[in-house]
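Small disclaimer: the values here were computed from a predicted structure and weren't measured. Proteins come first, then strands; the chains are lettered A, B, ... in the order of their sequence lines, and each starts at number 1.
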Number of protein chains: 2
Amino acid sequence: MTTTATTLKGQPLDRQTLDAMLRRRLFFTPAFEIYGGVAGLFDYGPPGCSLQANIVDLWRKHFILEEDMLEIDTTVLTPHEVLKTSGHVDKFADWMCKDPKNGDILRADHFVEDVLESRLKGDKEARGEKVEEEDDPKKKKKRKTKTEAVKLDDALVQEYEEILARIDNYNGEELGELIKKYDLKNPATGVQPSPPVAFNLMFQTSIGPSSNLPGYLRPETAQGQFLNFAKLLDFNMQQMPFASASIGRSYRNEISPRAGLLRVREFLMAEIEHFVDPEGGKKHHRFPEIDAIELTLLDRHTQLAGKTDVKKMTIGDAVRNKVVDNETLGYFLARIHLFLQKIGVDMTKVRFRQHMENEMAHYATDCWDAELLTSSGWIECVGCADRSAYDLSVHAKKTGAPLVVRERLDEPRVFEEWQVEIDRKKFGPQFKKDGKTVEAALEATNQEQREKLAKQLAENGELELEVAGVGNGTVKVSKDLVKVEFRKRVENTREYTPNVIEPSFGIGRIMYSLIEHVYWNRATEDGGDEARGVLSFPPTVAPTKVLIVPLSANKQFQPFVSKISQKLRKIGISARVDSSSATIGKRYSRNDELGTPLGVTIDFQTVQDSTITLRDRDSTKQVRADEDTIVAAIQSLVTGAREWKDVATELPAFEGQEVDVAVR
Amino acid sequence: MTTTATTLKGQPLDRQTLDAMLRRRLFFTPAFEIYGGVAGLFDYGPPGCSLQANIVDLWRKHFILEEDMLEIDTTVLTPHEVLKTSGHVDKFADWMCKDPKNGDILRADHFVEDVLESRLKGDKEARGEKVEEEDDPKKKKKRKTKTEAVKLDDALVQEYEEILARIDNYNGEELGELIKKYDLKNPATGVQPSPPVAFNLMFQTSIGPSSNLPGYLRPETAQGQFLNFAKLLDFNMQQMPFASASIGRSYRNEISPRAGLLRVREFLMAEIEHFVDPEGGKKHHRFPEIDAIELTLLDRHTQLAGKTDVKKMTIGDAVRNKVVDNETLGYFLARIHLFLQKIGVDMTKVRFRQHMENEMAHYATDCWDAELLTSSGWIECVGCADRSAYDLSVHAKKTGAPLVVRERLDEPRVFEEWQVEIDRKKFGPQFKKDGKTVEAALEATNQEQREKLAKQLAENGELELEVAGVGNGTVKVSKDLVKVEFRKRVENTREYTPNVIEPSFGIGRIMYSLIEHVYWNRATEDGGDEARGVLSFPPTVAPTKVLIVPLSANKQFQPFVSKISQKLRKIGISARVDSSSATIGKRYSRNDELGTPLGVTIDFQTVQDSTITLRDRDSTKQVRADEDTIVAAIQSLVTGAREWKDVATELPAFEGQEVDVAVR
């Protein structure tokens, strides 16, 4: 597949070369590969595992520590009832079709999209037009359908295009109608697949020995946070607003995962549930701090008009102009933007896209995705949804647990109103089986009606009320059974169900997109022959910070190698020694592919004067100084306190050729 | 249940009070509690989550960074075939019985144990003997059986005791026989349960939409590491020995979990797989560093003799005396000991117990558990098993993947030997269907036989060989079909399957045991009335390091509170502000329960001279100094560089009563 994706240096990005490099360096690898592998399951090797840990660590500092969020760790196993209540059992599904000939399972929307796109492409070819891949968020997978150059009617082309623009909006029945109407066939067999059926994406299991407690692997960490809401509010000493956060694995039994790390069945999520008072416009007290940050936005209206033109706008303006609904949602969009910037994402390849009405999850009232541009198009990496009071309300209703905030009012609220007071002891014997109905009818009266009833009682000693289904429909109640009086009522507390703003991060997708953003090719850049890949991670996220290389296997170097490794380990900086027999250049190349930002060389001069060299991965420039100076420079670079250009200005450059040094 | 468990200060440990405190402070909480909860599933609230993260962080530094282990992150979802090969599908099971009356599911060994122990206890009571609970590793659960005082025959008492001593050794059939023979009845119904059946402890699920790929949630992280062995060896540039490590969740569908955090269905494990050459006695190059460390050992022989007397011994002596099999196993036992010490475990409540032959997992050839003494008895918290070449061998055999090390020999090995060389072109046509059999018989000959065969060929031009099932059992092979000659063979490489030493940590169990070890009661200690719990975590593992309390809600204090929080956050020290209206004493008490080691107070003197006070949780002593001095002291305490007594000597003590200060 050709794409318009580019590397950090603007070179065309060759996905296959990059993937081969990532596997060779064990960033990730298909899980159970010696058993043939399982689609959608990947293992992270040491560099991938370390990169993931560093991103999670920065996430924890950027969000949890910075904002005093309450981090909790909840179980993946979740009983059926919880996910039934949350709506996932009924609605967390994709539509799938089966090919009756070879048994292929197809995701219905992808299948329709595939075939129609292929026909449109064939039409363009037949018309002699140029055919290009687009950066469209919908085209995240490799095309399965082989294109045939067949010209279509102009009207049909327009129909196809309209269908494709709305592909996320069709339900199973509608997708089935499209398949029949346009006679869509599985290219693998030439046969039309069966009508779509819903396939729930949750992995099911059974908890306990008697198989009577069905459960699922959670599809998101959010539910565990909602269920603990009352305890967390207590822990937070009843203070609102507050946020909980969880970092953990979630599971989705994808119908046909096929985009590497971008669509997997088991993945790490980091989710925040920010609980906020729905009244007062969802203000955020730290909004002024991020007001001026400029974001790239693609709103719902633009998309409805069939366009993808982004707008650049400060988040302050976006909220004031109601492009983004409220301050809290806007605050988190800006904080997400800052986080992506911090870990080294190319900010020219980021946009925030608002979900269309029909595209949103069943619980959301508004949602913006941070999308990152990759060789597979625009990828949703962070979702930021307003889940309103949906989840807390449904769980409270189901369980009776009070998932609410009780706020003491500074000023008690006083109501003066007509109140109905029923003498239940007399009421029952009088009305017998109709008692409840009559009582309910009385309680249901409004202020105006009550005023009239009070008048009747005062004047006639009884009131007359229409109660459907009791006697002839009119009931008389005497004043010894009921009082209707104008009284004062004082409320000292206010009770409400908080709304939830949820920033939700797919760590694997962020990680993979970041890798594409920092990848480039040294050889092409230098005009060399061989493709030499470099991953220019910022030092803060790089899997290993320092490569230590002795010039050769000469035993004189060993004590220096040990000393510098120990010093770095002591200050918590991850370093790796490469004393293999490969040339220094080869060893550095290997570590460029691993994204190691710094390199230290021990050579013959080290033995003489204890100085060592420090190399910058991106520029390949080196400086030379004594060990302590170099260690201090490393520390400042790794913590992000300084950049290479600062170090290069302060310390003497080293131009010596290692080969010469080795010879003398 | 009364126990002999004690707190850090030797007070009797009241498990119920402690558990109530831990839930009140949200260390952990039953998962899905508003839905009635699910046995064996717990969520960690903010302090539990943070404590877990700190323990894992220290683990990573102590093991992975210190020894350059290769950390990987593999999937929980595991296809059936992998766990069939590893033996878990067939052998990872417990025996369970069903009560035919009420449907109760009972774990067979626990049931037999329960009933027999109850009868023995009843016998003691009937004999008027004192009945005491013991610190026995087998009695980890609450007894379900109500004891009746019935005297038993002396012979029967002895039979029961012998059965209990061997309870881990019975299989399902034998447990069934015991139930019948002694007429054991479920105390809840008075009915004898059904014969035991095997219940596999893995959670089962189905991967993908077509339900044709059954899978499990992994019962250990180890398999993911074994399957990646060849790639990891490559990544390590073919260097041996090396270790991989994984930190992640594993799952066991326990039949009846009932010991809080000690027996749960979803848990965090940290596992190391150290790959070592089986030849050369499994030496470890860093063994001298830990040679002199003294461990508390309970070996297999002592247990076989029915005793629990531990031996104190340096690990060096233990290995030299063959109590512990080899240096690598010994090295890790000592490293485990040091880790437990580092996180604050009470080392007088630690022992290393060797598994009995019948007790070991199906893959192990030797195993030592680090057991921690708690109110539930001795709890296995770390297992250290020698899994030999078991796993790599079975996976290699099943998949054909070369899970071996190919070692270049420094000195090529030269063999001079009789070799058989068969001319296959002629061999086939001559022997037809018997060709393979005759060939195999020739290849199977030993050196002595070959020497004779060579002689026959030289003398008779043919050799005579007995081959069962071919012709009359004797086959003649002429010299144009086969040569048997004395030749030299040179081997430049050696190929072997590494053995695996596996230290495996149950983080939740360690965490809970640690909590019991550092728990004590201030009031009892001080002679006060009210029980005031304290958790004396070392600062390095404490969930929150510093509590910041302004003396009152006075607005003058706010800037100082903000300043000190920001300073601490900047150097990565977790702090929490408590500006609630509770008294300073109440606020400190709350944080003693959370295990917060340090407290900073902002009072009126702060406003005057910018000094603040620092309080030590354990002694409740305070010092006073300017902000920067206090921050530096906090940093040295939190990193473990200094202890409170150092700080208390250097900085002026503060004796002022906050109440007086508030008044003036």
Practice task
Starting from the C-alpha separation in whole Å, work towards a yes-or-no answer on side chain to side chain donor-acceptor pair (under 3.5 Å) for B:Y35 and A:T85.
Solution key: CA-CA 11 Å; B:Y35 279 84; A:T85 306; 2.9 Å; yes
What part of [X] gets closer than 4.5 Å to chain A, counting heavy atoms only: side chain, backbone, both or neither?
X: B:F28; value: neither
X: B:L217; value: side chain
X: B:F235; value: side chain
X: B:L403; value: side chain
X: B:L594; value: side chain
X: B:R576; value: side chain
X: B:T78; value: both
X: B:K398; value: side chain

Treating [X] as the side-chain partner and [Y] as the backbone partner, does any N or O pair qualify as donor plus acceptor under 3.5 Å?
X: B:E266; Y: A:L77; answer: yes
X: A:D43; Y: B:T75; answer: yes
X: B:T205; Y: A:T205; answer: no

Practice task
Specify the closest pair of heavy atoms between A:P46 and B:L232, including all atoms of both residues, with the distance to one decimal.
Solution key: CD-CD2, 4.0 Å
Completion exercise
Shortest non-hydrogen pair, B:P209 vs A:F199, comes out as CA-CZ, 3.4 Å
What part of [X] gets within 4.5 angstrom of chain B, counting heavy atoms only: side chain, backbone, both, or neither?
X: A:V264; answer: neither
X: A:R590; answer: side chain
X: A:I573; answer: neither
X: A:Y251; answer: side chain

Practice task
Would you mind checking if B:D73 and A:R249 are paired as a salt bridge, meaning a charged N to carboxylate O distance below 4.0 Å?
Solution key: yes
Practice task
Let me see the working for A:K61 and B:R569 under side chain to side chain contact (heavy atoms under 4.5 Å, CB included), right down to the final yes or no.
Solution key: CA-CA 9 Å; A:K61 283 181 184 141; B:R569 180 178 294 153; over 6 Å; no
Fill in the blank from the handout: Greatest number of non-hydrogen atom pairs under 4.5 angstrom with chain B, of A:T29, A:V38, A:D68, A:V76, falls to A:V76
Exercise for the section: Report, by ascending residue number, the residues of residues 47-60 of chain A in heavy-atom contact with chain B at a distance under 4.5 Å; give 'none' if the set is empty. Expected result: A:P47, A:C49, A:Q52
